[in-house]
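Here is the structure we will look at, set down as structure tokens.
In this text the structure is predicted, and so the values were computed from the model without any measurement. Order of the sequence lines fixes the chain letters, A, B, ..., with proteins taken first and strands second; residue numbering starts at 1 for each chain.
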Amino acid sequence: MKDQLRHIIETTLTQLIAQNSLPALTLPEIQIDRTKDKSHGDFACNVAMMLARSAKMNPRQIATLLVDALPETDFITKVDIAGPGFINFTLSADSAQQVVKTILAEGEQFGQSDLGAGQSVQVEFVSANPTGPLHVGHGRGAAYGSAVSSLLKAAGFKVHREYYVNDAGRQMDILATSVWLRYLETCGETFIFPSNGYKGAYVSTIAENLKFAHGDAFLAPTVDVFDGVVADEPAGGDKERHIDDLISNARRLLGEDGYRHVFDAGLNAILADIRQDLSDFGTDYDEWFSERSLMETGVVDDAIDALKKAEMLYEKDGAWWFKSTEFGDEKDRVVVRDNGQTTYFASDIAYHLNKYQRGFDTVIDIWGSDHHGYIPRVKASLTAMGKNADRLKVLLVQFAVLYRGSEKVAMSTRSGQFVTLRELRDEVGKDAARFFYVLRGADQHMDFDLELAKSQSNDNPVYYVQYAHARVCSVFRQLSERSLTWDKVEGEKQLTRLTEDHEQALLSMLSRYPEVINTAATNYTPHLLAHYLMDLARDFHTYYNAHQFIVEDQPLSQARLTLITAVKQVITNGLSVLGVSAPETM
RNA sequence: GCGCCUGUAGCUCAGUUGGAUAGAGUACCAGUUUCCGAAACUGGGGGUCACAGGUUCGAUUCCUGUCAGGCGCACCA
């Protein structure tokens with residue numbers, strides 16, 4: 001509808017210029033906005049004001065010229081000039097009703113567009129280290145990432161959802177060693193567990209399973225395990241060196257195969273848990289991409305070679321540095337350490353090179369906002385390798401602060417005192433959790449009230465929207481109880497009977513849905529959709545309270561049933577994009 | 001110290017890419033059921049859009065500065 005208006009205005013303006021009614025000038029982008037106020041019609045255009053300066057004419061004068069020259073159309077009934085020079089359009093009743101037929105005809109497809117024209121987008125999100133269960137911070141990334149993915153898909157993009165598995169690096173070595181130490185404990189060895197190790201109960205569970213499956217195969221005496229190990233911090237030593245020494249002892253005592261076995265036991269168990277957890281949360285991926293594979297297939301070496309060839313690396317203090325300052329970063333960054341090991345950053349350069357090589361038109365990374373300082377160096381590496389860094393979009397997600405009523409829930413990763421995503425799901429449910437997460441802009445700090453999310457009251461926005469859907473279903477249950485039926489064909493014929501203000505408002509709201517999807521998709525802002533659904537639900541509840549749908553007047557009744565069926569469809573579609581269910585009963 | 005993000009009603013937050021009289025929810029107050037589900041609806045009060053300049057027909061929105069809060073500044077991941 002906006003496009004049609006835009007087209008008409010554009011052609012009329014060029015016509016006016018051709019007739020010398022307007023001076024020759026380049027036309028600006030024609031903006032068509034929905035009006036905030038019903039008295040201003042349905043759509044407004046500000047082009048007269050935008051042209052006033054370059055045409056050296058009064059905006060109202062331009063508007064008058066334009067309006068007089070506009071051709072007759074069947075979908076516009078009224079054109080007004082208002083305020084400083086706004087041109088307001090009022091839709092004909094017929095074209096306003098048309099949206100209901102469109103919704104019923106397109107069903108689940110309604111709202112989808114070809115805006116993306118099949119361009120491919122890769123969306124990488126969550127990507128938490130597989131060193132423990134996901135917590136509520138990851139939950140927001142999961143809800144946001146999958147909502148953005150669904151939005152892009154609805155807007156006609158080819159979407160590839162990916163989880164980057166950090167299955168290499170020091171943190172994973174710490175996990176492997178933690179598993180091994182717990183395993184030794186189940187074998188009867190006794191020692192003080194390292195302060196920097198992973199102490200969660202899940203580590204012991206993995207160790208017990210290892211013991212069950214392999215008996216004493218990985219056993220080593222405690223004296224050997226702690227041989228030459230620097231004292232731990234509580235004992236007056238250094239906790240980092242303490243754990244690093246334990247790791248190298250583990251490697252030595254277990255041998256390459258044994259160490260890899262223990263390592264993979266930890267990795268696989270936790271990864272399986274994460275996959276299940278995300279799947280239960282309604283977040284699914286097209287690919288789980290292994291960091292280790294980047295090293296094993298030589299992509300990391302390739303990336304380093306590419307940078308060397310481009311003369312973007314130099315050697316200093318035994319390490320290889322990337323000249324990221326040449327691209328606006330604060331300082332140069334190490335990619336190969338003096339001990340020959342590549343850094344996490346080197347893997348990430350390789351990973352992004354690989355993403356580009358796979359040919360995605362756009363690459364989206366969704367990170368916790370605490371990683372924002374990382375953006376310049378990743379973009380720098382892409383530029384240095386001759387890639388267009390603008391194809392990479394990094395979206396940041398702020399952490400959510402949990403509240404129970406007005407009480408802040410204490411959380412700290414260090415003490416291991418975090419609320420897991422699974423606990424959140426168990427407490428408030430998948431639907432409420434997802435909806436709450438996407439209710440706010442991702443870059444906004446967010447207060448997540450557990451009490452509110454699980455309350456079955458009018459305070460809770462999730463239920464508010466779902467209830468609107470259930471209410472429509474309930475009306476149809478009532479209909480069949482009275483042995484009546486809904487006749488779609490008849491209903492569509494009678495749409496002209498929808499003349500009440502509430503019905504007009506609903507029609508207008510329904511027609512906005514495709515625009516909301518496109519705006520939310522292009523801006524990566526699912527919260528716009530969440531808010532739209534609340535607005536739609538409110539218009540519906542208001543309508544419900546003001547009017548009966550099942551009435552004696554059969555044509556009217558059919559028209560109303562047709563309208564609320566369209567409402568039900570749009571709520572279903574919108575909630576589905578957000579990964580929230582649309583229940584028939586509450 | 002430098003960089004990024006944020007500052008809108010008592011509280012939690014929107015604000016259609018610069019538009020008309022700045023909006024919801026919640027809380028508070030007052031109402032609505034012989035009627036399809038009251039998990040709903042109607043009405044009311046509540047604002048220096050942090051502050052000060054600038055850009056223009058027009059600024060909550062864009063630019064600069066100040067103040068306040070969050071985060072980040074590793075040969076960790």
With a 3.5 angstrom cut-off on both distances, give the Watson-Crick or G-U wobble partner of B:rA50, or none if there isn't one.
B:rU66
Tell me, do A:Trp367 and A:His372 make a side-chain contact under 4.5 Å, heavy atoms counted?
no
Classify the nucleic acid contact of A:His541 as base, sugar-phosphate or nothing, counting any heavy atom under 4.0 Å across all strands shown.
sugar-phosphate
Over all strands shown, is A:Ala468 touching base, sugar-phosphate only, or nothing at heavy-atom distances under 4.0 angstrom?
nothing
When rounded to the nearest Å, what value does the distance between P atoms of B:rC67 and B:rA52 take?
15 Å
Under 4.0 Å between any heavy atoms, over every strand shown, what does A:Asp338 touch: base, sugar-phosphate, or nothing? Just pick one.
base
Any Lys/Arg nitrogen of A:Asp33 or A:Lys2 sitting under 4.0 Å from an Asp/Glu carboxylate oxygen of the other?
no
What nucleotide among B:rA20, B:rC36, B:rC75 has an atom nearest to a side-chain atom of A:Trp321?
B:rC75
Using the C1' atom on both, measure B:rC49 against B:rA9 and round to a whole Å.
10 Å
Using a 5.5 Å cut-off between ring centres and planes within 30 degrees, is A:Tyr467 stacked on the base of B:rG37?
no
Between B:rC41 and B:rA50, how far is it from one P atom to the other, in whole Å?
30 Å
Has A:His242 got a side-chain atom pairing as donor or acceptor with A:Pro194's backbone, closer than 3.5 angstrom?
no
Nearest-nucleotide wise, let me know which of A:Glu291 and A:Arg477 is further upstream toward the 5' end of RNA chain B.
A:Arg477
Roughly how many Å is it from CG in A:Asp348 to C1' in B:rA74, rounded to a whole number?
15 Å
Of all the nucleotides listed (B:rU6, B:rA77, B:rG19), which has the minimum atom distance to the side chain of A:Pro84?
B:rG19
Nearest to the side chain of A:Met586, heavy atoms from C-beta on, is which of B:rC5, B:rC36, B:rG37?
B:rG37
When rounded to the nearest Å, what value does the distance between P atoms of B:rG19 and B:rG58 take?
15 Å
So, is A:Lys56 near the phosphate of B:rC57, with a side-chain N or O under 4.0 Å from OP1 or OP2?
no
Work out how far the P atom of B:rG18 is from that of B:rU60, and round it to whole angstrom.
13 Å
Options B:rC71, B:rC36, B:rA14, nucleotide nearest the side-chain atoms of A:Asp370
B:rC71
Any N or O donor-acceptor pair linking the side chain of A:His372 to the base of B:rC5 at under 3.5 Å?
no
Are A:Asp245 and A:Arg241 close enough for a salt bridge, meaning some N to O gap below 4.0 Å?
no
State whether A:Arg337 places a side-chain N or O below 4.0 Å from either non-bridging phosphate oxygen (OP1 or OP2) of B:rC76.
yes
Complementary nucleotide of B:rC11, counting Watson-Crick and G-U pairs under 3.5 Å
B:rG25
Measure from the side-chain N and O atoms of A:Thr383 to the backbone N and O of A:Lys379, and report whether any donor-acceptor pair falls under 3.5 Å.
yes
Looking for any heavy atom pair under 4.0 Å, which part of the strands does A:Thr585 touch: base, sugar-phosphate only, or nothing?
base
Pick base, sugar-phosphate or nothing for A:Asn523, based on heavy-atom distances below 4.0 Å to the nucleic acid.
base
Would you mind classifying the nucleic acid contact of A:Ala44 as base, sugar-phosphate or nothing, using non-hydrogen atoms under 4.0 angstrom?
base
Assess the side chains of A:Gln171 and A:Tyr198: does a donor N or O sit below 3.5 Å from an acceptor N or O?
yes
One pair to check against side chain to side chain donor-acceptor pair (under 3.5 Å): A:His40 and A:Asp80. What are the steps and the verdict?
CA-CA 8 Å; A:His40 296 138; A:Asp80 298 309; over 6 Å; no
Any idea if B:rU26 is syn or anti, going by the 90°-from-0 cut?
anti
Is the aromatic ring of A:His531 within stacking range of B:rA24, meaning centres under 5.5 angstrom and planes under 30 degrees?
no
So, is A:Tyr464 close to the B:rC41 phosphate, meaning a side-chain N or O under 4.0 Å from OP1 or OP2?
yes
Rounded to whole Å, how long is the line connecting atom CG of A:Asp80 with atom C1' of B:rA20?
14 Å
Cut-off 3.5 Å, side chains only: do A:Asp431 and A:Gln466 have a donor facing an acceptor?
yes
Between B:rC5, B:rC75, B:rC13, which nucleotide gets closest to the side-chain atoms of A:Asp447?
B:rC13
Between B:rA20 and A:Asn88, counting only base atoms on the nucleotide and side-chain atoms on the residue, is there a donor-acceptor pair under 3.5 Å?
yes
For a quick check under 3.5 Å, do A:Thr565 and A:Trp486 share a side-chain donor-acceptor pair by atom type?
no
Does A:His527 reach a base, just sugar-phosphate, or nothing at all? Heavy atoms under 4.0 Å.
sugar-phosphate
Salt-bridge test for A:Asp447 and A:Arg440: reply yes if a basic N is under 4.0 Å from a carboxylate O, no otherwise.
no
Taking for each residue the nucleotide of RNA chain B with the nearest heavy atom, is it A:Gln31 or A:Asn339 whose nucleotide lies nearer the 5' end?
A:Gln31
Roughly how far apart, to the nearest Å, are B:rC11 and B:rC71 at atom C1'?
24 Å
Rounded C1' spacing from B:rC4 to B:rA39 in Å
41 Å
Under a 3.5 Å limit for both distances, which nucleotide forms a Watson-Crick or G-U wobble pair with B:rC41, could you say?
B:rG31
Looking at every strand, decide which applies to A:Ala52 at a 4.0 Å heavy-atom threshold: base, sugar-phosphate, or nothing.
nothing
Base B:rG19 to side chain A:Asn46, donor-acceptor N/O within 3.5 Å cut-off
yes
Under 4.0 Å, counting only non-hydrogen atoms across every strand here, what does A:Gln444 touch: a base, just sugar-phosphate, or nothing?
sugar-phosphate
With P as the reference atom in both, quote the distance from B:rG15 to B:rG7 in angstrom, rounded to an integer.
10 Å
Which part of the nucleic acid, if any, lies within reach of A:Gly441 when heavy atoms closer than 4.0 Å are counted: base, sugar-phosphate only, or nothing?
sugar-phosphate
Checking all strands, does A:Asn58 fall into the base, sugar-phosphate, or nothing category for heavy-atom contacts under 4.0 angstrom?
nothing
Return the nucleotide paired to B:rC73: Watson-Crick means purine N1 to pyrimidine N3 with N6-O4 or O6-N4, wobble means G-U with N1-O2 and O6-N3, both under 3.5 Å.
B:rG1
Considering every strand and a 4.0 Å limit on heavy-atom distances, what is the contact class for A:Phe476: base, sugar-phosphate, or nothing?
nothing
Can you measure A:Arg377 atom CZ to B:rG3 atom P for me and round it to whole angstrom units?
17 Å
In whole Å, what is the span from the CZ atom of A:Arg538 to the C1' atom of B:rA24?
6 Å
Could you tell me whether A:Ala168 contacts a base, only the sugar-phosphate backbone, or nothing, with contacts defined as non-hydrogen atoms closer than 4.0 Å?
sugar-phosphate
Given B:rC36, B:rA77, B:rG19, which nucleotide is nearest the side-chain atoms of A:Met50?
B:rG19
Please state whether the phosphate of B:rC73, meaning OP1 or OP2, lies under 4.0 angstrom from any side-chain nitrogen or oxygen of A:Arg333.
no
Applying the 3.5 Å cut-off to both distances, the Watson-Crick or G-U partner of B:rG19 turns out to be B:rC57
Classify A:His502 by what it touches in the nucleic acid, base, sugar-phosphate, or nothing, heavy-atom distance under 4.0 Å.
nothing
Is any side-chain nitrogen or oxygen of A:Thr35 closer than 4.0 Å to OP1 or OP2 of B:rA20?
no
Is any side-chain nitrogen or oxygen of A:Lys331 closer than 4.0 Å to OP1 or OP2 of B:rC73?
no
